[in-house]
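Here is the structure we will look at.
Both counts, for ligands and for their atoms, begin at 1 and track the order of listing. Computed from a predicted model, the values in this text were never measured in an experiment.
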Amino acid sequence: MENFVFQNKTKIIFGRDTESQVGEETAQYAKKVLLHYGGGSIKKSGLYDRVTASLKKAGVDFVELSGAQPNPRLSLIRKGIDICRKENITFILAVGGGSAIDSAKAMAAGVPYNGDVWDFYCGKAAPEKALDVATVLTIPAAGSESSPSSVVTNEDGDLKRGLTNDLLRPVFSILNPTLTFTLPPYQTACGAADIMAHIMERYFTTTQHADFTDRLCEAAMKSIIHNVPVCIKEPENYDARAEVMWAGCVAHNDLLGTGRNQDWASHGIEHEISGIYDVAHGAGLAVVFPAWMKYVYKSNISNINRFVQFASRVWNVEIDFHNQEKTALAGIAALENFLSSIGMPIRLKEMDVGSDRLEEMAAKCTGNGTRTIGGFMPLDKNAINEILKIAL
Ligand code: NZQ
Ligand code: ZN
């Protein structure tokens, strides 16, 4: 096991009716907030009314900014920064999914900064201060409700880039599984694919002897594999929704990555796809992750062993001791079957992504071929191009 520091400041308030506590929790930090949300699902579900009533009851004034889109855009973030500065706002409450939350985090970093917030996402600067952010989560997926990350799309150049900094972890997040009852099956499945990917990015490690977190990862994956089909079949099944919501949060709160090196190449590749084609992040990962697996699984003996463990412990594949490759491939096939069974695409063409921009994407995520990505197996521009071809 490798040395690590684990610290996660986000207070999780989990369960039925917990959004009614948002006012009193927020009042501990600020008397005036920016209320940030997406395209309207929270109005349709009645959540907006409950959140604003709770804020009013606690004496918290709010200014609203709606319109965070999936793959949240830089232009709206700049607008939010202007509003916060003009209104002297020091606290942002995001109500929604990863997009509204990431957009809120970007504003939080941008408000106290003298330069342009994009500097943080292109590596030109690092935030030294940020406003406080809190969330009411409506979709288990991105894990942004307790992660230190924010991922933003700059319309200028279709660049989707991430910023990771502990300042960005929300001070509290409210997770009420009933808020996810209204999720369409496709969004539920996109969330599941993203959660699985967050676990697998950590699971596929070159660190030896990280057995405790291996088994935590396996338990989290098994829970998703079991409960997501239930959520799709019975959208109002509280217990299944609750399992997925909590697993989705833990999948990306850094616990499962403790003491081990991690990969993250599939996320790097996917962000280029959603940056250009504006597809759902989870759907992009459902396509990229199996392709990545097919490229890396037999790169060396310890890598193939890990794929055999994945096949056996996560997918109950019987190990063929004479043919490890067969076992490894059966695990990858089981993952693809699962993703497909919940309605995810598993090839780029299912998302109307053709072969014309593969090289561009491979170049973009390797800084024009100047660096490699991935901790499990470092990948250069050519390797990524090959993975994208497998994904076609
Ligand atoms: O905008 P509204 O109207 O709210 O509709 C949303 C949106 O269309 C809808 N939705 C959300 N909750 C709903 C609902 N519809 C009905 N009922 C509900 N309860 O679902 C759609 C997707 O929402 P979005 O916020 O985009 O989903 P998600 O949570 O998957 O976030 C995706 C973004 O997070 C980033 C992704 O790259 C992507 O941009 N990520 C953020 C990470 C982080 N900050 O740590 C890590 C991830 O790897 C990821 O990159
Ligand atoms: Zn993700």
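With hydrogens left out, the protein atom closest to atom 45 (O) of ligand 1 is Ser147 OG, 2.7 Å, a heavy atom. Counting only heavy atoms of the protein, atom 24 (P) of ligand 1 lies nearest to Ser99 OG, 3.5 Å. Residue, atom and distance of the protein heavy atom nearest to atom 50 (O) of ligand 1 are His271 NE2, 2.9 Å. Ranking protein heavy atoms by distance to atom 22 (C) of ligand 1, first place goes to Gln187 OE1, 3.5 Å.
Protein heavy atoms are absent from the space less than 4.0 angstrom from atom 6 (C) of ligand 1.
Under a 4.0 angstrom heavy-atom cut-off, Lys44 registers as lying outside contact with ligand 1. Contact between Gly191 and ligand 1 is absent, with no heavy atom of the residue lying under 4.0 Å from the ligand.
Checked by distance only, ligand 1 and Leu179 come closer than 3.5 Å through their nitrogen or oxygen atoms.
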Just distance, no hydrogens or angles: give the donor-acceptor pairs under 3.5 Å from side chains in residues 86-97, sequence neighbours left out.
residue : atom : partner : partner atom : Å
Glu87   : OE1  : Lys32   : NZ           : 2.9

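For Lys294, the side chain to side chain donor-acceptor pair (under 3.5 Å) criterion is met by Glu336, not counting sequence neighbours. Remark: Arg78 engages Asp116 in a side chain to side chain donor-acceptor pair (under 3.5 Å) (not counting sequence neighbours).
Under the 3.5 Å distance criterion, with hydrogens and angles disregarded, no donor-acceptor pair is assigned to the side chains of Asn261 and Glu2. Between Ser299 and Asn303, the side chains place a donor N or O and an acceptor N or O closer than 3.5 Å (distance only, hydrogens not considered).
Judged by distance alone, the side chain of Arg202 and the main-chain N or O of His198 form a donor-acceptor pair under 3.5 Å.
Around the Zn ion (ligand 2), protein N, O or S atoms at less than 2.8 Å comprise Asp194 OD1, His198 NE2, His267 NE2, His281 NE2.
Residues Phe289 and Trp292 place their aromatic rings such that the two centres sit under 6.0 Å apart.
Figure legend: Arg16 and Tyr238 shown as a cation-pi pair, the cationic atom lying under 6.0 angstrom from the six-membered ring centre and within 45 degrees of its axis.
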